[in-house]
Amino acid sequence: MKNKLSKLLAGALAGVLLFGVVGCNTNNVNNEPHDVPMTIAADFTQKEKKGNWVTYGDCKIKTQDGKAVVTDRKTSNAGVAIPCPDYRGNTINATASVSGANDSVTITLTYEVFGNISYVNIASAPTTEASESEISGNIEIPANAENALVYIEASDVRDYTVSSYSLSIVGDLNNLTGEPVEQLADPTATASLSAAYADYFKFGVASPATVMTNKNDGFRQMILTQFNSVTPENELKPENVLDRDTTLGNVSKYNESPALKFDAAKPILDFCKKNDIQMRGHTLIWYSQTPSWLFYENYDVNGQLASRDLMLKRMENYIAGVMEWCEKNYPGVIYAWDVVNEAAADDGGMRDCYWKQTIGDDYVERAFEFARKHAPAGVQLFYNDYNEYQDSKQADILAMLKPIAEAGNIDGMGMQSHISSGLNVDNYVASMKKYADELGVVIHITELDVTAPKSVNPMYDQGVYMKKFFEAIVAADKDGVPIECVTVWGLTDDMSWKSSSKPLLFYGNLTPKPAYEGVMCALSGAEVAKPADYVEPKSDLSPFFEDYENKEYVGGPRYSSVQKIVGDAYEGEYCLENSEGYAEYDGYSIDVTQYAGHVIHVSFAIKSKADQCCCTADIDGTWPHICEVQTGTDEWVLAEGDFEVEEGTTMLTIYIESSDMSPYYLDNLKIEAVN
Ligand code: 9MR
């Protein structure tokens, strides 16, 4: 075993050192160096293109009183967009003011990397028809991204109006207009993950269909070399499978059984069939990426929601239709289906959604019943969710799935595992074992990606964490926890739905990352190599102090909140403003890993219109408050508290959050070790 592994690792290293060039990219970027504006603002007094905006997807946009009114939206992602191809390699801020009857609106970045299209959500906000919501967030665009464009999508296909929309560079401009994008490395030179893990579980990957139609063969070679299970990233989701035009074209014919189409998924199914790779079907019943018309009488979103009986028929026919079509045309390719995705709510109980509203709380049970009835023999049925390892969410999921397991209608728990390298692997493995024991099901890790830490050596630290994570799951597998497949959610960092957090095993040009090496080292016992640019982490316990007088700060947003130095300070001239977060818990965040093994004392002055502000530690799905303070009067108040940073902590951030989305202002932030 050891010999086989050292050969595999030698192969991996050769892959890094000798990467051959495969394929060439479709470089649509204007490679002549030219000036790039720091801000691109849509001008809705001007026509498309001339006003810096374009129409994205199938919808109509008319300009009126300096606003863009978006109507006839055939899909929820159709709307106003700003192209920003010259912004590649930069962090940008996107800000829009939107009103409309959709529940929420999202700003999304899309770009092409080496022929594959990626979509990255930047920020979301609830919307109403009566008032405007401001949506704002930051995102990093990969240096190799071509045709970058930022568009406004919505939870629904209802109209929306945009009164302002702009993109701007955060920090200094990185002008790459004169730089060609990189070349792809030869993926066949990298040792195979699926071969290395063959004794334990399948090693899978999520892929978009663009990989199969891409003129760069590298991505297909990568799948064939590395993985033995494939999940279509979006192509088998209801929004791609439901045939809107045919269904709405003959409502009485399709009333109980919406028409289906499989054009989006065919290239992936063909690839899997041809290459004898098994597929995880993802996903049948989901609150998201399912068009709202499915849930209405006569499929008319302006009418009434359909009755329970009708929705049960539509649900059964949808599940049966998808499973039967796949089995008939691609027999044996799909070995597992995510029957229901993300039915548990983040704040406890079941998530409110159209399925629950129309059918009732038993919609999950009914879905599994129908799936069992129509699934080909031997195809495994899964429930799939995120934050599934957190105690309270796990309790809700277990309660929901118990009757389904008792009825014999579920075979597996899909642990999505969108995690960070702060997650405690022992707790994670314990939760995995609990699912298997209490439900009598097998386990698939279905969407693994690991946010790189905001440390001085993020790629290396992520690699070290991957080693620990895979050591723990291999140990669990050896101990009898039935882990049958581990799927990573994407091929490369640049293709990831959260590309800014660099969560995958391969860089954008297909070279393996330290994260890949960590996965391999989990089997060989070798240490992840320190990179040439490794920086010794600070080990001194000198106190941390920020008064913002020199306009500098070392922390950053927990997700996408925006920090600005502003006046009106508690003391001196300047303080730090935190605003425009993705949620209340998206605040200013600071790495305190250097204090491992010590109790820290945190103190600061804070001002906010929100009723309460807290300083919180970010530990694997538990968020202990270090201190809480009543704000709300918009006066400065002082806060302080102590917290033990456990010995052996490899990554810990603390952050400041508020009870609502009002901005907060921070001054004199001090962190010191007190023992
Ligand atoms: O990776 C998918 C991304 O391309 C889509 O834009 C997004 C839309 O919701 O869905 C992503 O995949 C999700 C998966 O289907 C279910 N679990 C969460 C994943 C990440 O959002």
Side-chain angles (χ1 to χ4, degrees), residues 73-79 100-106 121 124-129 153-160 234 236-248 251 254-261 281-322 337-371 383-386 393 396-397 400-401 404 416:
R73 301 176 56 246
K74 298 288 188 304
T75 55
S76 58
N77 63 358
N102 297 284
D103 286 343
S104 72
V105 168
T106 300
N121 294 343
S124 297
T127 40
T128 63
E129 222 169 351
E153 57 180 319
S155 52
D156 215 326
V157 292
R158 294 180 165 90
D159 301 350
Y160 70 75
N234 289 299
L236 276 178
K237 292 175 179 173
E239 74 176 5
N240 282 314
V241 171
L242 285 164
D243 183 343
R244 175 186 183 279
D245 291 345
T246 307
T247 307
L248 271 58
V251 168
Y254 295 106
N255 189 33
E256 293 183 356
S257 184
L260 309 179
K261 61 179 167 52
H282 175 80
T283 177
L284 292 167
I285 302 300
W286 191 17
Y287 79 94
S288 174
Q289 287 182 281
T290 303
S292 41
W293 54 259
L294 178 67
F295 302 93
Y296 282 84
E297 266 180 17
N298 302 317
Y299 299 119
D300 175 6
V301 290
N302 297 313
Q304 302 286 316
L305 282 176
S307 67
R308 169 181 163 91
D309 282 353
L310 180 55
M311 283 317 296
L312 283 169
K313 287 191 180 117
R314 287 182 187 169
M315 179 190 255
E316 175 163 10
N317 287 327
Y318 180 78
I319 291 174
V322 177
W337 271 105
D338 289 331
V339 175
V340 177
N341 198 34
E342 301 172 5
D346 292 330
D347 50 1
M350 283 180 80
R351 182 190 296 278
D352 185 31
C353 69
Y354 279 127
W355 286 115
K356 182 169 174 291
Q357 282 169 31
T358 52
I359 293 181
D361 283 3
D362 64 336
Y363 86 86
V364 179
E365 263 180 274
R366 300 287 82 78
F368 275 95
E369 226 167 70
F370 296 144
Y383 175 75
N384 192 45
D385 214 329
Y386 65 89
K393 191 152 177 187
D396 290 342
I397 295 174
M400 184 173 74
L401 298 182
I404 300 170
Q416 290 189 8

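Keep in mind that the numbers below use all heavy atoms, side chains included, and drop hydrogens, waters and symmetry copies. This chain uses plain numbering: 1 for the first residue, then up along the sequence.
The shortest heavy-atom contact between Asn234 and Gln289 is OD1-NE2, 3.1 Å. Across every non-hydrogen atom of Ser257 and Asn317, the tightest pair is OG-CB, 3.4 Å. Between Asn77 and Arg73, the shortest heavy-atom distance links the atoms N-NH2, 4.3 Å. Across every non-hydrogen atom of Tyr354 and Ser292, the tightest pair is CE1-CB, 3.5 Å.
Put simply, the residue from Val339, Ile285, Ile319 that forms a side chain to side chain contact (heavy atoms under 4.5 Å, CB included) with Phe368 is Val339. Of the residues Leu294, Thr290, Leu242, the one that meets the side chain to side chain contact (heavy atoms under 4.5 Å, CB included) test with Tyr318 is Leu242.
Below 30°, between 30° and 60°, or above 60°: for Tyr363 and Trp355 the angle between ring planes is below 30°, a parallel geometry.
Ser104 places no side-chain N or O within donor-acceptor distance of the main-chain N or O of Ala125, the cut-off being under 3.5 Å. In this structure a side-chain-to-backbone donor-acceptor pair under 3.5 Å is present from Arg314 to Asn255. Proximity of a side-chain donor or acceptor of Thr247 to a complementary backbone N or O of Tyr254 within less than 3.5 Å is not detected. When atom types are taken as modelled, the side chain of Arg244 and the backbone of Pro291 share no donor-acceptor pair closer than 3.5 angstrom. A donor-acceptor pair under 3.5 Å links the side-chain atoms of Tyr383 to the main chain of Ala343, judged by distance alone.
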Evaluation steps, salt bridge (Lys or Arg N to Asp or Glu O under 4.0 Å), between Lys237 and Asp338 = CA-CA 10 Å; Lys237 292 175 179 173; Asp338 289 331; over 6 Å; no
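Side-chain contact, Asn341 with Tyr386: no donor N or O sits under 3.5 Å from an acceptor N or O.
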